[in-house]
Participant: 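Sharing a structure below in structure tokens format, with a few things to ask.
Atom set for the values below is all heavy atoms of this structure, side chains included, hydrogens, waters and symmetry mates excluded.
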Amino acid sequence: MTTERQRPLRADARRNRERILASARTAFAAEGLAVPLDEIARRAGVGPGTVHRHFPTKEALFEAVVREHLEQLALDARAALDEAEAGPAFFAFLARMTAEADAKQDLTEAITAAGGPMGVEAKELAAHLRELFGALLSRAQQAGAVRDDVDAADVQAIVVAALTTGRRRGTSERSGRLAELIFDCLLPRHTHAHGNTA
């Protein structure tokens, strides 16, 4: 009897948690860490106390959302590593990662560390994603699709700089140009030379 009474509570708590996460995804994507916790609770249709039971701080909720982003990007990176064509796989993944961060303020803040320090799990996910990204880059370089004088840290720095500058300029209508500019500076030098002489 007691287990039957507890089941609806567990299911209800799960639904509340999912509603909170769904509202947080939207709010953090648009506004980053600046959005108030009470506003997320309002959008989720729950009280602030319910949010605090699941996520004791706004940073904990922010991190839960960021972890989801990182987990999905890691899945995408692993899928890209299975692709036969290393160059297109690398650039497709880089385009996806850049577009995600460009559209989601919370992911940009996580990538640029503007959202504050992350917990152990998020740091491990980020480190794993960096490893996967490094493997994708290395494969693309071996295939001659990416210049060989850059490393994963260089590419991340370029992406972060482009995202930060793009946000300052507020050029959302030109968001597709961000990936193009990054791709262009990563192409092997002989590609640029060929393009200039053609």
Participant: What I'd like to find out is whether the side chain of L37 reaches to under 4.5 Å of the side chain of F55, using heavy atoms alone.
Facilitator: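 No, their side chains stay 4.5 Å or more apart.
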Participant: Could you give me the CA-CA distance, side-chain angles and deciding distance for Q141 and V150, then say whether side chain to side chain contact (heavy atoms under 4.5 Å, CB included) is met?
Facilitator: CA-CA 9 Å; Q141 288 171 321; V150 296; 3.7 Å; yes
Participant: Say you draw a straight line from CD1 of I20 to CZ of R53; how long is it, rounded to the nearest 0.5 Å?
Facilitator: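 Going from the CD1 atom of I20 to the CZ atom of R53 covers 8.5 Å.
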Participant: I'd like to check I40 versus F28 (side-chain heavy atoms, cut-off strictly below 4.5 Å). Are they in contact?
Facilitator: yes
Participant: Might you work through the side chain to side chain contact (heavy atoms under 4.5 Å, CB included) test for Q142 and S138, ending with a clear yes or no?
Facilitator: CA-CA 6 Å; Q142 287 167 17; S138 179; 3.2 Å; yes
Participant: Quick one: pull up CG in L132 and CZ in R130 and give me the separation to the nearest 0.5 Å.
Facilitator: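 Going from CG on L132 over to CZ on R130, the span is 11.5 Å.
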Participant: With a 4.5 Å limit on heavy-atom distance, are the side chains of L94 and L186 in contact?
Facilitator: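 The answer is yes, as the side chains (C-beta and beyond) meet within the 4.5 Å cut-off.
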Participant: For D154 and D149, which heavy atoms make the closest approach, and how far apart are they?
Facilitator: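 The answer is OD2-O, 4.0 Å.
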Participant: Taking the basic N atoms (NZ, or NE/NH1/NH2) and the acidic carboxylate oxygens, is any pair closer than 4.0 Å for E63 and R67?
Facilitator: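 Result for this pair is yes, salt bridge flagged.
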Participant: Relative to each other, are the rings of F93 and F133 parallel, tilted or perpendicular (30° and 60° limits)?
Facilitator: tilted
Participant: Just so I know, are the side chains of L61 and K58 near enough to count as touching, which here means a heavy-atom distance under 4.5 Å?
Facilitator: no
Participant: Output, in order, the C-alpha distance, side-chain angles, deciding distance and verdict of side chain to side chain contact (heavy atoms under 4.5 Å, CB included) for D82 and R78.
Facilitator: CA-CA 7 Å; D82 289 335; R78 279 194 289 272; 5.6 Å; no
Participant: So which heavy atom on L81 is nearest to which on R139, and how close?
Facilitator: O-NH1, 3.4 Å
Participant: To the nearest 0.5 Å, what is the distance between NZ on K123 and CG on L125?
Facilitator: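 Answer rounded to 0.5 Å: 13.0 Å.
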Participant: Return the set of residues passing side chain to side chain donor-acceptor pair (under 3.5 Å) with E68 (not counting sequence neighbours), or none when no residue passes.
Facilitator: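 Result, side chain to side chain donor-acceptor pair (under 3.5 Å) vs E68: R25.
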Participant: Looking at every heavy atom in both E83 and A89, which two are closest together, and how far apart are they?
Facilitator: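 That would be CB-CB, 3.6 Å.
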Participant: Is the number of heavy atoms from other residues, nucleotides or ligands under 6.0 Å of Q72 CD greater than 12?
Facilitator: yes
Participant: Would E18 and R14 count as a salt bridge (Lys or Arg N to Asp or Glu O under 4.0 Å) here? Give the steps.
Facilitator: CA-CA 6 Å; E18 274 310 308; R14 255 198 324 274; over 6 Å; no
Participant: Would you name the heavy atoms of L129 and A77 that are closest together and state the gap between them?
Facilitator: CD1-CB, 4.3 Å
Participant: When rounded to the nearest 0.5 angstrom, what distance separates CE in M97 from CD1 in I182?
Facilitator: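 Result: 8.0 Å between the selected atoms.
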Participant: Taking all heavy atoms of A74 and all of H128, pick out the closest pair and write down the distance.
Facilitator: CB-CD2, 4.3 Å
Participant: Quick one, T98 with F183, criterion side chain to side chain contact (heavy atoms under 4.5 Å, CB included). Give me CA distance, side-chain angles, the key distance, then yes/no.
Facilitator: CA-CA 11 Å; T98 305; F183 291 180; 5.7 Å; no
Participant: State the CG-CZ distance between D12 and R15, to the nearest 0.5 angstrom.
Facilitator: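 Those atoms lie 5.0 Å apart.
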Participant: So how far is it from L70 CG to L75 CG, rounded to the nearest 0.5 Å?
Facilitator: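 If we round to the nearest 0.5 Å, L70:CG and L75:CG are 11.0 Å apart.
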Participant: For the residue pair G87 and A140, what are the closest heavy atoms and their distance?
Facilitator: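 Here G87 and A140 meet closest at CA-CB, 4.2 Å.
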